[in-house]
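In what follows, residues are counted from 1 in the order of the sequence shown. These numbers come from a predicted model, not from an experiment.
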Amino acid sequence: MQLRNHLKTIHHHKMEVMKNCFRVKMYGQGLLHDLSKYHPVELIPGGKYFQGDRSPNAAEREEKGYSAAWLHHKGHNKHHWEYWIDFSPTERRMAGAPMPTRYVLEMVCDRIAASKTYKKEAYTDASPLEYYEKSRPYYMIHPETDRLLRELLTMLAQEGEEKTFARMRRLLGESRREALRKRLPDCVNAKLDKVWIKR
């Protein structure tokens, strides 16, 4: 069992995601990201199947036909599109529900960090998009979530981290304002419009 190496890897990954989230001003999500990886259901298989160049969940899945660690992880972390799969009353089948913007942004931060963790020196800003394009045909992801995720990963590949994180901060601000609007009466929203237009 390589539990020590697995702990080093998940700690390194968590720190990378936290840095990314902080750049987007998602402080709470950065601090709380992937805490479930320290739960025994995820930690023990992580040590047992650790390889260093890919997720231990893949090795567990190959041996057992499923990954108990992954099933636990995706059920406890809203930044994974798999968390949002539900029965669609319109399509009458299982389908991806739209993810709130802040979790899509955390997913981008996670994908950048994971690519850096596993690809090491071979990492480029195109790596997260390349991985997504390779895996996308197998995903049950909502079209809106797919569009935003692809937009941000493409921007990263073409324009780099600075512009991408700036765009993510703007998206986060817009989604927070929209959430606030839904909770406030129209008269307050009208006054806020005047303030936000001036900014």
Side-chain angles (χ1 to χ4, degrees), residues 6-39 41-43 45-46 50-58 60-61 67 69-85 96-120 122-136 138-142 144-157 160-169 171-172 175:
H6 177 60
L7 276 166
K8 280 174 63 178
T9 301
I10 61 176
H11 182 69
H12 171 78
H13 171 72
K14 184 168 171 37
M15 292 301 108
E16 288 294 320
V17 176
M18 188 172 73
K19 283 189 249 176
N20 293 341
C21 284
F22 282 15
R23 288 175 73 181
V24 181
K25 301 191 183 306
M26 298 190 304
Y27 303 108
Q29 283 173 254
L31 290 169
L32 298 174
H33 180 85
D34 273 359
L35 285 181
S36 70
K37 285 190 176 179
Y38 298 96
H39 189 286
V41 173
E42 296 183 40
L43 190 61
F50 176 83
Q51 294 166 25
D53 58 352
R54 65 177 185 148
S55 170
N57 298 339
E60 183 186 19
R61 197 173 290 117
S67 170
W70 172 246
L71 293 173
H72 184 271
H73 187 76
K74 74 172 178 83
H76 289 79
N77 293 279
K78 295 179 181 180
H79 63 275
H80 288 290
W81 59 266
E82 294 93 336
Y83 179 96
W84 299 92
I85 295 174
M99 288 176 67
T101 301
R102 67 190 183 115
Y103 295 121
V104 179
L105 300 180
E106 186 180 352
M107 178 164 47
V108 172
C109 293
D110 186 38
R111 286 172 177 269
I112 293 169
S115 294
K116 286 180 178 179
T117 298
Y118 290 118
K119 294 203 83 167
K120 298 179 174 63
Y123 174 85
T124 70
D125 284 337
S127 298
L129 177 63
E130 289 165 2
Y131 182 81
Y132 182 66
E133 294 289 1
K134 184 173 73 174
S135 308
R136 174 62 187 92
Y138 309 105
Y139 288 1
M140 194 184 291
I141 191 169
H142 191 275
E144 288 175 28
T145 302
D146 175 60
R147 181 199 58 74
L148 180 55
L149 180 57
R150 194 184 301 270
E151 173 196 322
L152 293 169
L153 294 179
T154 301
M155 186 176 198
L156 175 70
E161 285 188 5
E162 287 302 319
K163 288 189 177 179
T164 304
F165 284 127
R167 170 85 174 121
M168 290 166 70
R169 284 192 296 274
L171 287 168
L172 182 65
S175 72

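Within the model, atoms CG of Leu129 and NZ of Lys134 stand 12.5 Å from one another, a figure rounded to the nearest 0.5 Å. The line from CZ of Arg111 to CG of Leu153 is 7.0 Å long, rounded to the nearest 0.5 Å. Distance check: Leu105 CG to Lys25 NZ gives 13.5 Å after rounding to the nearest 0.5 Å. Here the NZ atom belonging to Lys8 is positioned 8.5 Å from the CZ atom belonging to Phe50, to the nearest 0.5 angstrom. His6 NE2 to Glu42 CD: the interatomic distance, rounded to the nearest 0.5 Å, is 8.0 Å. Summarising the geometry, atom CE belonging to Met15 is positioned 10.5 Å from atom CD1 belonging to Ile10; distances are rounded to the nearest 0.5 Å.
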(request) Starting from the C-alpha separation in whole Å, work towards a yes-or-no answer on side chain to side chain contact (heavy atoms under 4.5 Å, CB included) for Tyr123 and Asp125. (result) CA-CA 7 Å; Tyr123 174 85; Asp125 284 337; 3.6 Å; yes
(request) Would you please test Val24 and Asn20 for side chain to side chain contact (heavy atoms under 4.5 Å, CB included) and show each step? (result) CA-CA 7 Å; Val24 181; Asn20 293 341; 5.9 Å; no
(request) Please step through side chain to side chain contact (heavy atoms under 4.5 Å, CB included) for the pair Val108 and Phe165, ending with a clear verdict. (result) CA-CA 10 Å; Val108 172; Phe165 284 127; 5.8 Å; no
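Checked against side-chain hydrogen bond (donor to acceptor under 3.5 Å, both in side chains), Arg61 has no partners two or more places apart in sequence or in another chain. Residues forming a side-chain hydrogen bond (donor to acceptor under 3.5 Å, both in side chains) with His33 (at least two apart in sequence, or on another chain): Glu106, Asp110.
Lys14 and Leu32 make their closest contact through NZ-C, 3.9 Å (heavy atoms, listed as atom of the first residue, atom of the second, distance). Minimum interatomic distance between Gly96 and His142 (heavy atoms only, all atoms of both residues): O-CD2, 3.2 Å. Nearest heavy atoms, Ala69 versus Asn57: CB-OD1, 3.5 Å. The two residues Pro45 and Pro56 make their nearest non-hydrogen contact at O-CB, 4.3 Å. When all heavy atoms are compared, the tightest approach of Asn77 to Tyr83 is O-CB, 3.7 Å. Considering all non-hydrogen atoms of both residues, Met26 and Arg102 come closest at SD-O, 3.7 Å.
Counting heavy atoms from C-beta on, the side chains of Glu82 and Trp70 come closer than 4.5 Å. Counting heavy atoms from C-beta outward, Thr101 and Leu172 have side chains that stay 4.5 Å or more apart. Looking at heavy atoms from C-beta onward, Arg167 lies in side-chain contact with Glu151 at the 4.5 angstrom threshold. Using a 4.5 Å heavy-atom cutoff, the side chains of Cys109 and Met168 are in contact. Here the side chains of Val17 and Gln29 are not in contact, with every heavy-atom distance at 4.5 Å or above. Side-chain contact between Leu171 and Leu152 is present, with at least one heavy-atom pair separated by less than 4.5 Å. Considering only heavy atoms from C-beta on, His73 comes within 4.5 Å of Lys37 through its side chain. Under the 4.5 Å side-chain criterion, counting only non-hydrogen atoms from C-beta, Glu133 is in contact with Arg150.
Taking the six-membered ring where tryptophan is involved, the planes of His72 and His39 are tilted, since the angle between them lies from 30° to 60°. Using the six-membered ring where Trp is involved, Trp81 and Tyr139 have ring planes that are tilted, between 30° and 60° apart. Ring planes of Trp84 and Tyr103: tilted class, angle from 30 to 60°.
The local environment of NE2 in His12 is crowded, with over 12 non-hydrogen atoms from other residues, nucleotides or ligands closer than 6.0 Å. Heavy-atom neighbours of Lys120 NZ from other residues, nucleotides or ligands within 6.0 Å: above the threshold of 12. A 6.0 Å sphere centred on OH of Tyr118 holds more than 12 heavy atoms belonging to other residues, nucleotides or ligands.
Ion pair Glu16/Lys19 flagged as a salt bridge, since at least one NZ, NE, NH1 or NH2 atom sits closer than 4.0 Å to an Asp/Glu carboxylate oxygen.
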